[in-house]
Number of protein chains: 2
Amino acid sequence: MKKIKKPLTSSMEDYLEAIYELNLEKSFVRVKDIAKKLNVKMPTVTSMLKNLRDREYVNYEKYEFVELTKEGEKVGREMRRRHDVLLKFLTKILKIDYKTADDEACKMEHTLSPSTLQRVIDFMEFIQVCPRAGMEWLSHFEDFRKSGNNPGKCLERGSLDTPCQVIRDRVEILTKADN
Amino acid sequence: MKKIKKPLTSSMEDYLEAIYELNLEKSFVRVKDIAKKLNVKMPTVTSMLKNLRDREYVNYEKYEFVELTKEGEKVGREMRRRHDVLLKFLTKILKIDYKTADDEACKMEHTLSPSTLQRVIDFMEFIQVCPRAGMEWLSHFEDFRKSGNNPGKCLERGSLDTPCQVIRDRVEILTKADN
DNA sequence: AAGGTTAGTTAGGAATATCTAATAAAATTA
DNA sequence: TAATTTTATTAGATATTCCTAACTAACCTT
């Protein structure tokens with residue numbers, strides 16, 4: 001008879017991630033700190049801790065400090081890893097400002113499947129490794145955006161010679177609505 | 001005295017998007033179809049319709065067909081647009097298979113801010129427009145992945161000459177954990 | 001038009017994730 | 001140690017989103 005674990009909700013993942021991170025900073029994790037980090041009130045934390053304790057993700061006795069179980073730590077670390085990957089993608093590739101990127105990563109980290117996340121990592125590696133791309137290439141992206149998506153800048157510095165119509169067609173394919 | 005509209009939840013956005021899409025296919029939108037599309041039971045749809053009617057996103061009288069209000073249509077169209085953008089990014093840039101990408105887009109479309117989404121669009125345009133990138137360049141990404149992220153393939157075809165250590169360093173910066 | 005089928009609604013309930021107010025335990029300080 | 005402050009818990013309420021079971025309205029079919 002198998003024991004089927006109910007899947008964690010996004011909210012539960014947030015708590016585990018928060019506890020994991022607080023644990024890196026301090027040796028004691030307290031209800032108050034979790035509440036502050038997640039912008040919720042303390043009673044909300046207490047009830048979630050009971051819930052996570054029932055599911056065996058935390059060891060918790062009332063009025064005592066909170067500890068992640070092995071399983072809980074695994075989830076917490078994984079959430080942080082995802083957050084990290086997404087944050088890097090948003091800041092270093094898409095050049096989104098840190099604060100916004102951090103917020104978006106918080107939300108996205110719950111929705112992406114492991115395989116999609118891996119694809120993001122692969123893509124970042126590819127950009128770094130490919131001699132036609134790299135950081136220097138990404139700096140052209142900034143020029144491009146800052147000039148109002150005018151291809152001029154990129155074309156000037158580019159190494160290939162592509163007719164304007166071809167470029168317009170390419171853009172069409174990827175970025176215009178379907179219907 | 002201002003009237004402050006409560007923000008829509010992800011779930012509400014899903015209903016509006018579903019109704020919008022059903023409307024493109026057929027002239028009548030019925031409870032049954034919404035239920036099927038969203039994988040919920042009919043009573044769930046009925047109660048959500050009442051909710052959305054109170055918020056003035058749909059016109060709805062019991063036993064009659066459902067219509068989006070101007071505002072509701074705006075939201076529905078926007079959700080679909082987001083879905084589209086994300087689907088294209090996932091399939092055409094990250095090369096994720098259609099089914100997976102479509103699922104992920106469904107979840108992501110609720111979390112990304114308009115400005116981040118725009119950045120995704122800009123990035124796709126940039127890839128198309130930049131002579132060093134484009135579809136041909138993306139095909140190298142596939143080679144790269146399929147060879148287990150071995151830079152060999154890309155290097156062979158690349159136009160620059162970069163020492164291996166530099167490449168390893170670059171990868172380090174973007175893809176390794178912070179802590 | 002009567003009867004059956006399909007579609008839709010109501011009623012009532014459960015899980016999740018919040019909150020406030022009141023209370024209690026723990027920690028600090030005088 | 002007694003008093004005060006801080007931290008945490010309980011109790012009870014609300015909003016969302018979903019469900020099942022039972023009922024009803026609308027639509028076909030003969």
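Note on naming: letters A, B, ... go to the chains in the order of the sequence lines (proteins, then strands), and numbering restarts at 1 for each one. Just so you know, these numbers use all the heavy atoms, side chains as well, and skip hydrogens, waters and symmetry mates.
Residue B:Ser11 is in sugar-phosphate contact alone, with no base atom involved, counting any heavy-atom pair closer than 4.0 Å across all strands shown. Here B:Phe65 lies out of heavy-atom contact (under 4.0 Å) with every strand. Counting non-hydrogen atoms under 4.0 angstrom, B:Thr9 reaches the backbone sugars and phosphates but no base.
At the phosphate of D:dA8, neither OP1 nor OP2 sits under 4.0 Å from any side-chain N or O atom of A:Tyr60. The side chain of A:Thr44 places an N or O atom within less than 4.0 Å of a non-bridging phosphate oxygen (OP1 or OP2) of C:dC19. Phosphate contact (OP1/OP2 of C:dA7, side-chain N/O of B:Lys32, threshold under 4.0 Å): present. A sub-4.0 Å separation between OP1 or OP2 of C:dA21 and a side-chain N or O of A:Lys41 is absent. Checking the phosphate oxygens (OP1, OP2) of D:dT10, no side-chain nitrogen or oxygen of A:Ser47 falls inside 4.0 Å. Not one side-chain nitrogen or oxygen of A:Tyr63 sits closer than 4.0 Å to the OP1 or OP2 atom of D:dT6. Taking side-chain N and O atoms only, B:Arg55 has a distance below 4.0 Å to OP1 or OP2 of D:dT16. Within the 4.0 Å cut-off from OP1 or OP2 of C:dT9, at least one side-chain nitrogen or oxygen of B:Thr46 is found. B:Tyr15 has no side-chain polar atom (N or O) that falls below the 4.0 Å cut-off from OP1 or OP2 of D:dT16. The shortest distance between the side-chain N/O atoms of A:Lys50 and the OP1/OP2 oxygens of D:dT9 is not below 4.0 Å.
Summarising the geometry, the separation between CZ on A:Arg53 and C1' on D:dA8 is reported as 13 Å, rounded to the nearest angstrom. The separation between A:Met48 atom CE and D:dT9 atom P is 15 Å, rounded to whole Å. Rounded to a whole Å, the NZ atom of B:Lys62 is 16 Å from the P atom of D:dC23. In this structure, B:Lys26 atom NZ and C:dA7 atom C1' are separated by 13 Å, rounded to whole Å. Atom CD in B:Glu64 sits roughly 12 Å away from atom C1' in D:dA25 (whole-Å rounding). Regarding A:Leu8, its CG atom lies at a distance of 15 Å from the C1' atom of C:dA17, rounded to whole Å. Between the CD1 atom of A:Ile34 and the C1' atom of C:dA17 there is a distance of 15 Å, rounded to whole Å. C:dA26 atom P lies 16 Å from atom CZ of A:Phe28, rounded to whole Å.
Two residues are said to be in side-chain contact when any heavy atoms from C-beta on lie closer than 4.5 Å; A:Asn59 and A:Leu68 fail this criterion.
Checked by atom type, the side-chain pair B:Thr116/A:Glu104 shows a donor-acceptor distance below 3.5 Å. For the residue pair B:Ser113/B:Ser115, the side-chain donor-acceptor check at 3.5 Å is satisfied. Under the 3.5 Å distance criterion, with hydrogens and angles disregarded, no donor-acceptor pair is assigned to the side chains of A:Asp103 and A:Thr100.
The side chain of A:Met42 sits closest to D:dA8 out of D:dA8, C:dT9, D:dC18. Considering only side-chain atoms of A:Met12, the nucleotide from D:dA21, C:dA7, C:dA17 that sits closest is C:dA17. The side chain of B:Val31 lies closest to C:dG8, out of D:dT20, D:dC18, C:dG8. Listed nucleotides D:dA8, C:dT18, D:dT9 differ in distance to A:Arg30; the shortest reach to its side chain belongs to D:dA8.
A salt bridge links B:Lys37 with B:Glu25: the distance from a Lys NZ or Arg NE/NH1/NH2 to an Asp or Glu carboxylate oxygen falls below 4.0 Å.
Summarising the geometry of B:Ala101 relative to B:Leu90, their closest heavy-atom pair is O-CD1, 3.5 Å, with the distance given to 0.1 Å.
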